[in-house]
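Each remark here refers to the structure printed beneath this line.
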Amino acid sequence: MKPEFQNTSKLGFGCMRLPLLDPQDQKSIDLEQFKEMVDAFIAGGGTYFDTAFVYHEGASETALREALVRRYPRDSFTIATKCLAWAAPDAQTAQSNLGTSLERLGVDYVDFYLLHNVGGARTATFDAYDMWDFARREKAAGRIRNWGFSMHDGPDALDALLRAHPDVDFVQLQVNYLDWDDPVVEARRCMEVAEKHDVPVVIMEPARGGRLADPPPRVAEPLLACRPELSLASWAYRFCYNLPNVLTVLSGMSSPDQVRQNVEEHRGNKPFSPDERAALETARNILSNLASIPCTNCRYCVKGCPEHVVIPEILSLLNLELMTENRDFAKGLYSWQAAPGPASKCIACGACEAMCPQGIDIVRQLEVAVDHFE
Ligand code: SF4
Ligand code: SF4
């Protein structure tokens with residue numbers, strides 16, 4: 001890993017779920033609580049703060065200015081923020097995000113700048129808006145120290161992006177023990193691709209949107225039997241901390257107690273013992289057995305679909321619902337992951353089922369998806 005990235009703590013502070021004074025108002029961040037969280041994080045050796053142009057409708061960046069930038073020396077922390085170019089109406093607006101972020105944060109430069117949620121059809125917008133060269137120019141100008149991108153696409157897309165842009169400094173990927181061998185996310189292969197390109201990884205979703213902090217009881221059982229004193233979330237974080245080529249593992253924190261617990265568990269982090277590894281393997285097997293649709297993401301089905309339904313992604317979300325026993329969680333992801341081709345577009349022509357080597361009753365499963373998620 002590049003020497004300048006050897007930060008002392010691998011725990012990163014995600015600033016997308018900060019405490020609110022009014023639960024109905026995303027901008028009403030509780031600054032006093034947030035300051036307490038920042039203090040506990042820094043006292044525990046943390047340095048990496050992760051925000052974005054859109055978190056808390058922009059208030060996450062201004063709250064960081066008040067709680068962090070104005071209270072600590074600039075060289076004692078690093079800040080990452082992000083541009084969602086695909087949500088901007090034109091290149092000029094997308095490129096103006098950086099200046100606005102710097103102003104809100106009250107800094108002259110950001111340590112990490114991300115082109116956020118690259119992949120799928122969104123990549124074309126980053127290309128059309130010239131965001132890659134924009135990031136290079138801003139790095140040369142000193143307003144960005146390191147630039148990279150985040151993505152939710154698979155390893156082949158990651159490989160293509162890193163070939164096209166071999167000078168990125170880092171990438172941000174969704175990695176956790178639930179998605180490690182998932183045929184759609186393919187977290188293990190994504191990590192291997194990043195390492196092959198010698199690009200360090202910021203891990204997002206280490207606890208899969210909090211689901212691994214509160215998994216179904218039968219999944220939790222082997223973990224609690226092995227180490228009853230450890231939180232279930234700590235298994236998810238340790239899985240990520242101990243992977244090679246990891247720059248930071250992000251945790252979206254919402255209270256001072258959560259910061260203290262994460263800091264404490266990070267401090268106690270050790271590689272898994274053989275007993276712990278076996279317990280985690282058992283939990284992972286239980287999780288994958290709960291995913292009963294045997295889709296391998298071979299994608300033969302999508303080629304002939306006249307309605308461009310995103311079949312493997314939808315089946316993966318049905319499996320996620322089964323594994324987490326949480327429909328609302330999967331439904332929230334469906335609202336954007338299935339947007340390019342939702343299940344309700346299916347006209348039941350059957351072309352996909354004729355192509356599926358797993359013999360999956362795709363049309364029936366899409367009906368279930370409409371019922372559960374739309
Ligand atoms: S049955 Fe539905 S999902 Fe399958 S190819 Fe036809 S339209 Fe697409
Ligand atoms: S063809 Fe079958 S196994 Fe392959 S991606 Fe489609 S549904 Fe999944």
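Remember, it's 1-based here, ligands and their atoms both numbered in the order they're listed.
- With hydrogens left out, the protein atom closest to atom 8 (Fe) of ligand 1 is C305 SG, 2.3 Å, a heavy atom.
- Residue contact check: R299 has heavy atoms under 4.0 Å from atoms 4 (Fe), 5 (S) of ligand 2.
- Using the six-membered ring where Trp is involved, W235 and F272 have ring planes that are parallel, under 30° apart on the 30 and 60° scheme.
- Among all non-hydrogen protein atoms, the one lying nearest atom 6 (Fe) of ligand 1 is C349 SG, 2.3 Å.
- Listed here is the closest heavy atom pair of I203 and P206: CG2-CB, 4.2 Å.
- Ligand 2 places these atoms under 4.0 Å from at least one heavy atom of P312: 5 (S).
- Under the ring pair (Phe, Tyr, Trp, His ring centres under 6.0 Å) rule, F112 has a single partner from W147, F77, F170, which is F170.
- In this structure a side-chain-to-backbone donor-acceptor pair under 3.5 Å is missing from S60 to H56.
- A salt bridge is defined here as a Lys NZ or Arg NE, NH1 or NH2 lying under 4.0 Å from an Asp or Glu carboxylate O, and E192 with R189 fails to meet this definition.
- Looking only at heavy atoms of the protein, atom 4 (Fe) of ligand 1 is closest to C352 SG, 2.3 Å.
- Among the backbone and side-chain atoms of C356, none of the N, O or S atoms lies under 2.8 Å from atom 6 (Fe) of ligand 2.
- If you look at L315 next to ligand 2, the close heavy atoms, those under 4.0 Å, all belong to the side chain.
- Shown in contact with V363 at under 4.0 Å from a heavy atom are these atoms of ligand 1, numbered in order with element: 1 (S).
- The nearest heavy-atom contact from the protein to atom 3 (S) of ligand 1 is L366 CD1, 3.5 Å.
- Taking CG of L68 as the start and CD1 of I79 as the end, the distance is 5.5 Å to the nearest 0.5 Å.
- A cation-pi contact, defined as under 6.0 Å to the ring centre and within 45° of the axis, links R145 to Y109.
- Ring geometry for Y113 against F134 counts as perpendicular: the plane angle is over 60°, on a 0 to 90° scale with 30° as the lower cut.
- Within the 3.5 Å criterion, the main-chain N or O of A80 finds no donor-acceptor partner in the side chain of D111.
- Heavy-atom contacts of I311 reach the following atoms of ligand 1: 3 (S) (cutoff under 4.0 Å).
- If you look at I362 next to ligand 1, there are no close heavy atoms at all, none under 4.0 Å.
- Residue contacts with ligand 1 for A348 involve N, CA, C or O but no side-chain atom from C-beta outward (heavy atoms, distance under 4.0 Å).
- Considering only non-hydrogen protein atoms, atom 1 (S) of ligand 1 sits nearest to G350 N, 3.2 Å.
- The nearest heavy-atom contact from the protein to atom 2 (Fe) of ligand 1 is C346 SG, 2.4 Å.
- Here Q358 has side-chain heavy atoms under 4.0 Å from ligand 2, and that is the only part of it that gets that close.
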Q: Apply side chain to side chain donor-acceptor pair (under 3.5 Å) to N262 and S251, showing your working.
A: CA-CA 8 Å; N262 278 345; S251 173; 3.0 Å; yes
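- Annotation for ligand 1: atoms under 4.0 Å from non-hydrogen atoms of I347 are 2 (Fe), 7 (S).
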